[in-house]
Amino acid sequence: MSNSNYDIAIIGGGASGLAAAISAKRQNNSLSVAIFEANQRVGKKLLTTGNGRCNLGNAGNLSGRYHGDTAFAERVLNKFTTSNTIDFFNSIGIECIELEEEKLYPMCLQANGVVDQLRFAADEIGVETLIEHRVQKIEHKGNSFIIYVNGTTYTAKKVIIATGGVAAPKSGSKGDGYTFLTNFGHSKTTTRPAIVQVITKTDLTKALAGIKVEGEISLTTKKGSRTEKGEILFTEYGLSGPPVLQISRMVAECGQGDISIDLLPDIDFTEVFSILKRRKDILKNRTTDQLLLGFLNKRVGEVVIKSAGISLSTPIAELKEKDLKDITAKIKNFKMTATGTKGFDNAQVTAGGISTKDFNADTLESKLIKGLYATGELLDVDGDCGGFNLQWAWATGYVAGISAAE
Ligand SMILES: Cc1cc2nc3c(=O)[nH]c(=O)nc-3n(C[C@H](O)[C@H](O)[C@H](O)COP(=O)(O)OP(=O)(O)OC[C@H]3O[C@@H](n4cnc5c(N)ncnc54)[C@H](O)[C@@H]3O)c2cc1C
């Protein structure tokens with residue numbers, strides 16, 4: 001039979017809520033701990049992480065990989081490090097493996113394995129999971145909290161809000177936690193989508209839709225610049241791919257920015273220019289549409305030549321040194337304008353959120369309401385693409401879970 005009075009109620013059975021529940025129960029098994037989850041199952045978003053493989057952490061340096069209140073983030077992350085994440089997952093039956101760019105994955109490379117083991121570990125230790133329980137309202141009366149779900153009320157001595165942000169709302173996180181916490185007097189910073197595809201003026205990208213290049217992308221905005229290297233995907237609307245997702249936060253923040261793509265980042269301008277001179281000599285009996293064939297992706301090469309103002313039908317023999325320099329410049333600095341992002345529906349994470357200033361970084365307890373805690377994406381901290389957001393979810397879940405159980 002379901003108990004309706006709990007020692008600890010966790011609102012949200014996502015990454016941080018599950019970590020909080022397991023940590024709280026492990027800290028003090030005699031406490032009654034319940035997860036209230038809106039969906040039909042816990043961990044729905046987790047299933048989609050890392051392209052279904054769940055990039056659950058990052059073995060590299062975490063410093064410099066977080067945004068928002070970075071000092072607060074560092075304090076929490078020092079209490080639950082990457083090696084704690086690996087130990088935690090080992091303790092619930094998940095072996096971890098480090099792959100490209102120091103990203104950590106479960107060795108099975110299956111996000112559903114991670115969700116299942118989290119779920120089984122919570123069940124085994126006695127966490128009560130209430131699925132299809134979307135919490136509508138939380139009140140604080142005396143020393144306890146009253147939780148309202150579809151006409152039924154529950155009470156809890158302590159409440160951990162783990163409802164996520166507003167990214168990918170189809171997975172259940174629709175921003176309810178912002179309402180709960182602002183009703184308790186907490187403040188919220190502006191929220192924006194991050195780790196999301198970038199919309200550009202499409203005159204160049206439309207012609208290249210579907211093509212991937214190994215390039216280096218630099219974004220310049222009024223707030224600064226950022227450069228990232230990796231596989232860039234041209235799309236109908238603009239750009240995608242890991243380095244694009246990485247710079248997207250700044251596009252969302254500034255609304256627009258100037259993009260420059262280096263299509264051959266490992267070869268400098270002088271070398272590219274001398275390669276073109278050599279190719280001109282070898283291909284002197286052909287037309288310019290063949291100048292970059294076999295050197296760059298065919299369609300990319302054609303767009304580069306056209307954007308340098310040179311006709312594809314020009315005989316290669318007629319190309320002047322200045323023409324080759326102009327083509328080299330386009331290869332090294334392929335420009336376009338970012339005009340926005342694909343929004344929260346497509347974003348992996350929410351930048352901004354509940355201000356950390358009224359939370360204690362050592363416990364994640366509210367400084368305004370005793371017994372109230374918050375975790376994960378809901379707070380004004382977000383990480384880069386590469387396992388940093390899940391590391392934040394586990395770390396905040398752990399800290400809040402053990403603190404609430406102490
Ligand atoms: C497609 C995609 C891929 C990603 N890949 C990665 C990756 O590989 N590595 C990485 O580090 N990060 C990744 N992320 C980001 C990461 O998944 C999130 O940052 C992380 O899950 C946030 O954890 P959370 O506990 O704060 O919130 P969530 O995991 O969003 O969980 C919140 C939970 O609360 C529930 N809820 C909300 N409101 C209520 C309510 N009123 N009552 C009851 N329940 C409620 C929701 O249904 C949900 O289950 C990805 C995100 C997406 C969308």
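Quick note: numbers below take in every heavy atom, side chains included, and nothing from hydrogens, waters or symmetry partners. In listed order, ligands and their atoms are each counted from 1. Sequence positions, counted from 1, serve as the residue numbers for this chain.
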Selection from [options] by shortest heavy-atom distance to [atom]:
atom	options	result
atom 10 (C) of ligand 1	Asn346, Thr396, Leu390	Leu390
atom 43 (C) of ligand 1	Glu132, Lys174, His133	His133
atom 53 (C) of ligand 1	Ser16, Cys54, Ala168	Ala168
atom 15 (C) of ligand 1	Lys103, Gln348, Arg41, Gln136	Gln348
atom 39 (C) of ligand 1	Asn58, Thr163, Thr375, Leu378	Thr163

- Task: Return each pair, listed once, that meets side chain to side chain donor-acceptor pair (under 3.5 Å) where at least one residue sits in residues 157-168; pairs must be two or more places apart or across chains.
- Result: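 Sorted result for residues 157-168: Asp7-Lys157.
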
- Quick one: do Tyr178 and His186 satisfy ring pair (Phe, Tyr, Trp, His ring centres under 6.0 Å)? Show the steps, please. CA-CA 9 Å; Tyr178 301 141; His186 282 276; over 10 Å; no

Got [X] and [Y] here, is their nearest side-chain heavy-atom distance under 4.5 Å?
X	Y	result
Leu239	Leu233	no
Val159	Phe180	no
Ile22	Lys25	no

- Answer yes or no: is there a donor N or O on one side and an acceptor on the other, between the side chain of Asn84 and the main chain of Tyr398, under 3.5 Å? no

Heavy atom of [X], distance to ligand 1 below 4.0 Å:
X	result
Gly43	no
Lys45	yes
Trp392	no
Leu46	no
Ala162	yes

Among all the protein's non-hydrogen atoms, which is closest to [atom], and how far away is it?
atom	value
atom 31 (O) of ligand 1	Gly14 CA, 3.3 Å
atom 29 (O) of ligand 1	Ala15 N, 3.5 Å
atom 34 (O) of ligand 1	Gly12 CA, 3.2 Å
atom 41 (N) of ligand 1	Asp176 OD2, 2.7 Å
atom 8 (O) of ligand 1	Gly50 N, 2.8 Å
atom 22 (C) of ligand 1	Glu377 OE1, 3.5 Å
atom 17 (O) of ligand 1	Thr49 CG2, 3.3 Å
atom 47 (O) of ligand 1	Glu37 OE2, 2.6 Å

Taking only heavy atoms of [X] into account, list the atoms of ligand 1 that are under 4.0 Å away from them.
X	answer
Ser171	47 (O)
Asn389	11 (O), 12 (N), 19 (O)
Asn39	47 (O)
Gly376	26 (O)
Gly164	26 (O), 27 (O), 32 (C)
Thr48	1 (C), 2 (C), 3 (C)
Val135	40 (C), 41 (N), 42 (N), 43 (C)
Phe388	11 (O)

- Message: Determine whether Glu253 and Lys223 satisfy the following criterion, salt bridge (Lys or Arg N to Asp or Glu O under 4.0 Å), listing intermediate values before the conclusion.
- Response: CA-CA 8 Å; Glu253 191 177 356; Lys223 290 251 168 114; 3.3 Å; yes

- Message: Please report whether ligand 1 has a polar contact with Asn55, defined as an N or O pair separated by less than 3.5 Å (distance criterion only).
- Response: yes

- Compute the shortest N/O to N/O distance between Phe180 and ligand 1 and return yes if it is under 3.5 Å, no if not.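 No; every N/O pair is 3.5 Å or more apart.
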
Check ion pair [X]-[Y] (N to O, under 4.0 angstrom):
X	Y	value
Asp380	Lys357	no
Arg226	Glu228	yes
Asp384	Arg65	yes
Arg119	Asp116	yes
Lys335	Asp258	no
Glu302	Lys298	yes

- Query: If you take all heavy atoms of Ala393 and Ser16, which pair is closest and at what distance?
  - Reply: O-CB, 3.3 Å

- side chain to side chain contact (heavy atoms under 4.5 Å, CB included) against Lys141, all qualifying residues, sequence neighbours excluded: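 Lys141: side chain to side chain contact (heavy atoms under 4.5 Å, CB included) contacts with Glu139, Ile146.
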
- Task: With ring pair (Phe, Tyr, Trp, His ring centres under 6.0 Å) as the test, would you mind laying out the steps for Tyr154 and Phe145 before giving the verdict?
- Result: CA-CA 8 Å; Tyr154 301 81; Phe145 294 87; over 10 Å; no

